[in-house]
2 protein chains.
Amino acid sequence: MDYADMGGKSPSPFLPLTRDGLVDRVANSLAEAILSGSLQPGDRLAESTIAKQMDLSRAPVREALRLLESSGLVDYKANRGFFVHSLSVEALEHLYELRIVIETASIRRLIASNHQEAVKALRAQLDHLHELSSTGVEMAPHVDADMQFHRLICHYSGNPRFLQVFDTTANEIKLSVIYTGRLYADPALIAQTHEPIFDKIAQGDAEGAVAAMEYHLSDARRIVTGMFRKNQESKQK
Amino acid sequence: MDYADMGGKSPSPFLPLTRDGLVDRVANSLAEAILSGSLQPGDRLAESTIAKQMDLSRAPVREALRLLESSGLVDYKANRGFFVHSLSVEALEHLYELRIVIETASIRRLIASNHQEAVKALRAQLDHLHELSSTGVEMAPHVDADMQFHRLICHYSGNPRFLQVFDTTANEIKLSVIYTGRLYADPALIAQTHEPIFDKIAQGDAEGAVAAMEYHLSDARRIVTGMFRKNQESKQK
DNA sequence: GTTTTGTCGATTGTCGACAATTTACTTGAC
DNA sequence: GTCAAGTAAATTGTCGACAATCGACAAAAC
């Protein structure tokens, strides 16, 4: 038997054996630190310091930082180095506007092509969200599951470019939620606000689903930017 | 192509005074080589070779290649290095679909906000295109001017994210045109096909402009993918 | 003859050191 | 006390060298 060319799911008895390079591990580690809030926006990310802390040279750290830059988690200024990405209210507005464009476009393509498969996956993800809502108070898992629902929509659009655009926005959206505190007073609301979108998609009602998504994202934008503004004001004084 | 240009307006009377770092110069140089066709898709881009040819060390070359990767000009495979980006027909279809989404969204936002300023800039760019059409037979300037028209639309959308998405697609689109040969038999047609879009925008007719843009991009997609297919077949034998 | 295994050359991955630049601090003048 | 210039420290930018990894070819086994 030839284990090399059995396309599809892992036919081999071995685990994927994730040979993540050093750079990826560094990037993941840094991303976690940023998304967990250990590092504040604007904080300097000195290469030497990080390299020393992780006990390796500056080269892989530098590459990891460049990677994070392209995913929007850090900013780079020539001859000045890397800093944890700082958000502004304007940037958030632009971000949500882009999300509306990409995710509504994804919905249209999704309904026109991959419908059956997509509905199944989205239903499963929604169920997962409902389960989560009864559990912990930790914010991160809820946000992740929320984002995953939206990501699935882009995935099942059938256009990898749509997913790519979504992914570039995803980290910044996560950042904004982390920094502004919880999105909804009750985590159970997260799952509920996605039901109307799913319903319309399941019915194959493209325009209805688009409208539901626009409403949902506009609402989220309103809440996030509102809290963001309040947060900044409280920091001023 | 200038990777340092952030697309914003220059408030000072002085030119940006591009203190391009070494990395940017290397990136520009490589981009030119790729977009001019000196390097063929799939060609290996060995760091040492490039470093020797440019008389510097591998570090800045490596960073430049990573930069080009994020702008879609080169592909990177772990432990194998960098290669000139290879296009597929499917990728092109996806790319044009994304362009339609972003550029039509840009048109809507543009007409709703920056209208006056945008119309002026677009008219100027169209005039420039017309002037070009009577001159040389070189393809690159026409393609650049064409892309610049579309880029202006994204720019005047007022949402930097839209422009950012456009820029990530721009290089690949350029590549496809370079590799498939001329888009239109007569360069004068390039300018003409953009007039309807401009007219509708100038009139403030959002839906009309969107329709014109969709028609234009669908047409371009049809031509490019068609020539691409033909090109590949001729390479087979 | 086909498949597996071993070896080699080439290329990327990582490292520590030095040069160039920026930032922070100190010093001095007003 | 405030501001400016000059100096020192810290940080990024670049370099050349070594280690790890990969692909291709050669050799051996079936």
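Heavy atoms only: backbone and side chains are in, while hydrogens, waters and symmetry mates are out. These numbers were taken from a predicted model, which means no experiment stands behind them. Proteins get letters first, then strands, A, B, ... in listed order; numbering begins at 1 in each.
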- Message: What does the B/S/- profile of nucleotides 5-11 of chain D look like, 5' to 3', with a 4.0 Å heavy-atom cutoff to protein?
- Response: -------
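Nearest heavy-atom pair, A:V224 versus A:T180, reported as atom, atom and distance to 0.1 Å: O-CG2, 4.1 Å. When all heavy atoms are compared, the tightest approach of A:V84 to A:Q40 is CB-O, 3.4 Å.
Whole-Å rounding puts the B:F83 CZ to D:dG23 P distance at 9 Å. With rounding to whole Å, A:L56 atom CG is found 10 Å from C:dC15 atom C1'. If you take CG of A:L67 and P of C:dG13, they are 12 Å apart, rounded to a whole angstrom. Rounded to whole Å, atom C1' of D:dC15 lies 15 Å from atom NZ of B:K52. If you measure from atom CZ of B:F82 to atom P of C:dG13, you get 7 Å, rounded to the nearest angstrom.
Here the nucleotide nearest the side chain of B:L22, chosen from D:dT21, D:dC15, C:dC15, is D:dC15. The B:P60 side chain lies nearest to D:dC15 when the options are C:dT14, D:dC15, D:dG13. Distances from the side chain of A:S57 to the nucleotides C:dC15, C:dG13, D:dC15 place C:dC15 closest.
An OP1 or OP2 oxygen of D:dG13 is reached within less than 4.0 angstrom by a side-chain nitrogen or oxygen of A:R62. Between C:dG13 and B:Y76, a contact under 4.0 Å exists linking OP1 or OP2 to a side-chain N or O.
With respect to the salt-bridge test (charged N to carboxylate O, under 4.0 angstrom), the residues A:R109 and B:E97 qualify. A salt bridge does not link A:R161 with B:E93: every distance from a Lys NZ or Arg NE/NH1/NH2 to an Asp or Glu carboxylate oxygen is 4.0 Å or more.
The base of D:dG13 sits within donor-acceptor range of the side chain of A:R58, with an N or O pair under 3.5 Å.
The number of heavy-atom neighbours closer than 6.0 Å to CD of A:Q148, taken from other residues, nucleotides and ligands shown, is above 12.
Using a 4.5 Å cut-off on side-chain heavy atoms (C-beta onward), A:L22 and A:R25 make contact.
Every residue meeting the side-chain contact (heavy atoms from CB on, under 4.5 Å) condition with A:R99, not counting sequence neighbours, appears here in chain and number order: A:Y96, A:E103, A:M147, A:H150, A:F166, A:T169, A:I173, A:L217.
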